[in-house]
> 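The structure is given below, and queries will be raised subsequently.
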Amino acid sequence: MDLFQIINDIAKVDPEVYDRFDSRRAVFRNFLGYGKKASAAALPLAVSTLFSKAYGQTTGTGSGLDPLIVGTLNLALQLEYLEKYFYQTALASNILNPEQTGAVTIILNDENLHINTLRGVLKGDAVADPTRAAFDYTGSQGGKRPALFATLGTTFTSAADFLMVGQQFVDTGVRAYKGGAANLITQKDILEAAINIHSVEARHSSRIRSLRRGGIQSATAPKSWITPDETPTTPPLPNNYNVAGAPALVGPYKRGADAAKFPDESNVSQGTNPVLNAQTLVAGVGAGAGAEAFDEPLDAATVKAIAKNFATDPTALFK
Amino acid sequence: MHNSTNSSVDLAAGLGTPVARRSFLRYSGAGLAVGGLWLAGCSKDDDNNPTAGFIDVGTGDTGILNYAYALEQLEAAFYAQVVAGDYFKNANTSAAEKALFTDLKDHEAIHAAFFKGAITSGRITDSLQPDFSGIDFSQRTTAAGSAKMGVLNAAMAFEDLGVAAYNGAARFISSVDYLTLAGKIVSVEARHAAAIRELLTQNTFVANDVVDLTTSTPNNSGGTGNLTGTGMERSKRPPVVLETANKFLAANSKLSANSFA
């Protein structure tokens with residue numbers, strides 16, 4: 001059997017075949033492990049394992065993906081559920097005007113599609129649907145502490161609060177996908193899928209922000225992009241379940257544990273070598289433009305610490 | 001890559017696993033190179049190269065940074081002309097739209113200047129020449145019967161293209177730092193795109209032309225709509241993006257990205 005001829009033939013119809021092998025290092029480990037022990041007679045079996053793993057068609061129910069990738073995508077999936085039930089509750093609460101209803105319906109639709117997409121990649125490794133009951137949007141963590149947003153109970157009673165918290169959820173989601181992208185760099189197709197969800201979440205944020213100011217033709221705050229003043233004025237949330245590696249106080253616009261890699265959203269210091277000040281690169285730009293022009297990533301631990309504030313049982317979600 | 005010292009150590013180790021692993025990977029690496037050549041030979045028509053005379057963005061991470069730099073230069077030039085044009089200066093143009101275009105002008109100028117500073121070697125020209133003859137900077141939207149795009153229509157085209165471009169380029173980036181950097185910028189471009197689209201038509205921020213979903217998803221308040229699609233942005237590979245971008249670049253400034261098909 002000429003394995004390399006076979007792979008070359010596959011490349012003719014699937015140019016990404018090398019990516020599939022190369023990026024799933026576990027495949028090589030398995031394959032080489034077989035090579036060590038197996039006789040020549042067993043080689044066809046080893047080759048078939050190589051292909052089935054590369055193409056994700058394992059006979060088991062798992063994804064066959066690296067645990068880091070599974071963890072990254074499962075965190076994203078849980079955030080999608082956090083958002084899904086949030087929008088679903090708002091739509092069922094009859095607090096939105098027609099323009100808001102239209103926008104939130106579309107956003108909910110996207111979140112359901114994202115859930116399907118992520119579950120399709122994760123297969124048997126996907127976390128179970130937590131259901132609506134798993135989330136407490138008042139922030140009381142199932143009554144363990146006073147509510148942060150009393151209007152966001154089983155039925156929502158304030159469109160303004162819904163939009164404000166919604167903006168923070170979706171911006172946290174954008175930061176989470178951005179921070180998680182690096183974990184996916186070996187899996188190009190999964191990376192592109194995640195980054196294609198990331199930009200859709202950013203579009204959602206832009207829309208929720210224009211709803212918050214009363215429509216796109218209003219020139220009041222908030223802008224459709226994150227302004228530097230949002231970092232200090234958004235009240236911090238406690239890391240009250242002591243997520244390891246996250247700061248004691250967390251927030252959708254605040255820094256993560258490693259402030260160099262995951263800075264405040266007001267950050268203007270961009271690039272590594274050289275490091276450039278985005279605010280002074282161009283003469284005559286607006287005061288906040290340097291921070292607005294770049295969104296910032298957030299690490300998984302800090303994202304979990306933020307999200308646990310909205311879990312009914314914070315020990316059960318965002319682990 | 002080939003290290004003779006290591007090889008002799010491997011040889012001394014006889015037929016141990018390190019040799020098998022190393023030679024297997026080396027062989028498969030050679031297969032990759034051959035396959036790549038084979039594909040390159042097939043994907044290009046050498047007799048009639050459609051990108052002859054174009055500025056190629058180059059290879060590797062520098063190539064992708066150049067690609068982003070070129071697109072940011074184009075956007076920066078566009079918004080500089082918008083705020084100098086008659087639509088923006090018109091007394092009837094709303095305060096919200098003026099504020100929005102001022103921000104976009106600033107953001108894109110910053111992005112372009114950032115790449116200029118960040119790409120310290122192998123950078124493409126800092127003076128790409130745009131060709132905006134197909135845009136009427138006095139019109140808010142494309143006028144009926146006009147062959148020229150209005151400002152909002154052109155802005156939407158640029159912003160959506162930018163998002164699709166960054167997303168489609170992510171797979172070619174090998175540095176984690178640059179991947180994150182692209183992520184920092186693309187979400188801002190997506191915010192721009194959604195805002196511009198909103199100015200044109202309400203609630204089109206994730207319409208089917210830019211996001212993979214059905215055009216009519218009657219998702220009611222119970223969330224039980226007819227869901228099809230993936231909800232993902234329709235990312236585009238560099239050659240596809242440049243086909244569009246080149247329509248807005250002068251003859252001496254058209255771009256190719258031959259390494260990133």
Side-chain angles (χ1 to χ4, degrees), chain A residues 4 7-8 11 15 18 32 35-36 88 91-92 99 102-103 105-106 108-110 112-114 117 174 178 181-182 185 188 191-193 195-200 202-203 205-207 210 216-219 223-225 270-272 274 276 278 281-282 285-286 289-290 292-297, chain B residues 17 20-21 24 27-28 31-32 34-35 38-39 94-96 99 102-103 106-107 109-111 113-114 117-118 120 163 167-168 170-171 176-177 179-181 183-188 190-191 193-195 198-199 202-203 205-206 211 213 217 219 221-223 225 227 229-233 235:
Chain A
F4 299 104
I7 295 176
N8 274 329
Y18 294 105
L32 293 167
K36 262 193 291 187
Q88 210 172 70
L91 287 169
E99 180 182 349
T105 302
I106 290 166
L108 172 61
N109 205 347
D110 285 346
N112 279 320
L113 294 174
H114 294 167
T117 299
V174 172
K178 207 187 315 293
I185 197 164
K188 302 304 185 188
L191 170 69
E192 188 163 340
I195 216 99
N196 278 336
I197 294 177
H198 167 251
S199 61
V200 169
R203 287 174 182 269
S205 171
S206 181
R207 183 65 188 108
S210 63
I216 194 70
Q217 283 295 354
S218 164
K223 289 185 179 181
S224 298
W225 21 94
Q270 299 296 346
T272 44
L276 301 167
L281 277 172
V282 180
V285 297
E292 292 167 12
F294 296 83
D295 283 346
E296 299 299 339
Chain B
T17 306
R21 177 176 304 233
F24 181 84
Y27 192 11
S28 90
L32 175 60
V34 171
W38 180 83
L39 287 167
S94 73
T102 302
D103 280 356
D106 285 354
H107 297 170
I110 289 168
H111 290 164
F114 172 78
T120 49
V163 179
N167 285 6
R171 65 167 53 240
V176 165
D177 286 341
L179 179 65
T180 302
L181 180 69
K184 287 174 174 223
I185 294 175
V186 70
S187 53
V188 175
R191 294 170 187 278
E198 202 59 28
L199 287 174
Q202 190 175 93
N203 287 337
F205 54 110
V206 286
V211 176
L213 38 74
T217 44
N219 196 341
S221 59
L227 301 178
T230 60
M232 300 195 301
E233 188 93 32
S235 51

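Letters A, B, ... mirror the listed sequences (proteins, then strands); counts begin at 1.
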> Looking at every non-hydrogen atom in both residues, tell me the closest pair between B:Ser187 and A:Asp295 and how far apart they are.
OG-OD2, 2.7 Å
> Quick one: which of A:His114, A:His198, A:Glu192 has the most heavy-atom pairs under 4.5 Å with chain B, could you say?
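Max contact count across the listed options: A:Glu192.
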> Using side-chain contact (heavy atoms from CB on, under 4.5 Å) as the criterion, point out the one residue from A:Thr117, A:Ile197, A:Asp110, A:Leu113 that pairs with B:Thr230.
A:Thr117
> Could you grab the distance from atom CD of B:Gln202 to atom CD of A:Gln217, nearest 0.5 Å is fine?
11.0 Å
> Tell me which one of B:Val163, B:Val206, B:Asn167 satisfies side-chain contact (heavy atoms from CB on, under 4.5 Å) with A:Val200.
B:Val206
> What part of B:Ala99 is in contact with chain A, defined as an atom under 4.5 angstrom from a non-hydrogen atom: side chain, backbone, both or neither?
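Contact with chain A involves no heavy atom of B:Ala99 at all.
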> Check whether B:Leu181 gets within reach of chain A through its side chain, its backbone, both or neither, counting any heavy atom under 4.5 Å.
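Side chain of B:Leu181 only, per the 4.5 Å heavy-atom cut-off to chain A.
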> When you measure from the side chain of B:His107 to the backbone of A:Glu292, do you find a donor-acceptor pair of N or O atoms at a distance under 3.5 Å?
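Between the backbone of A:Glu292 and the side chain of B:His107 there is no qualifying donor-acceptor contact (under 3.5 Å).
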> Among A:Ala278, A:Gly102, A:Ala103, which has the most heavy-atom pairs under 4.5 Å with chain B?
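Option with the greatest count: A:Ala103.
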> Pick one of side chain, backbone, both or neither for A:Val285, based on which atoms fall under 4.5 Å of a heavy atom in chain B.
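Contact with chain B involves both backbone and side-chain atoms of A:Val285.
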> Please name the pair of heavy atoms, one in B:Ala96 and one in A:Ile216, separated by the smallest distance, quoted to 0.1 Å.
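Answer, listing the atom of B:Ala96 first, then A:Ile216: CB-O, 3.8 Å.
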> Okay, side chain of B:Lys184, backbone of A:Phe294: is any donor-acceptor separation there less than 3.5 Å?
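No.
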> Is a side-chain N or O of B:Asp106 found less than 3.5 angstrom from the main chain of A:Ala289, in a donor-acceptor match?
no
> Which distance, rounded to the nearest 0.5 Å, do you find between the CZ of B:Arg191 and the NZ of A:Lys223?
12.5 Å
> For the interface with chain A, which of B:Thr120, B:Leu199, B:Val186, B:Thr102 has the highest count of heavy-atom pairs at distances below 4.5 Å?
B:Leu199
> Would you say the side chains of B:Glu198 and A:Ser210 form a donor-acceptor pair under 3.5 Å?
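No donor-acceptor contact under 3.5 Å links the two side chains.
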> Looking at side-chain heavy atoms only, is the closest gap between A:Arg207 and B:Asn203 below 4.5 Å?
yes
> Ignoring hydrogens, what is the shortest heavy-atom contact between A:Ile106 and B:Phe205? Give both atom names and the distance.
CG2-CZ, 4.0 Å
> Is A:Ser199 in contact with chain B via its backbone, its side chain, both, or neither, using a 4.5 Å heavy-atom distance?
both
> Roughly how far, to the nearest 0.5 Å, is CG of B:Leu179 from CD1 of A:Ile195?
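CG of B:Leu179 is found 5.5 Å from CD1 of A:Ile195.
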> Which heavy atom of B:Ala195 sits nearest a heavy atom of A:Trp225, and at what distance?
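Heavy atoms of B:Ala195 and A:Trp225 come nearest at CB-CZ3, 4.1 Å.
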> Please give me the minimum heavy-atom distance between A:Pro297 and B:Thr180, naming the atom from each residue.
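Reported closest heavy-atom pair: CG-CG2, 3.7 Å.
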> Under a 4.5 Å heavy-atom cut-off, does chain A meet the side chain of B:Val176, its backbone, both or neither?
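Looking at B:Val176, backbone and side chain both touch chain A.
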> Show the nearest heavy-atom pair for residues A:Ala293 and B:Val188, with the distance to one decimal.
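Minimum heavy-atom contact is O-CG2, 3.5 Å.
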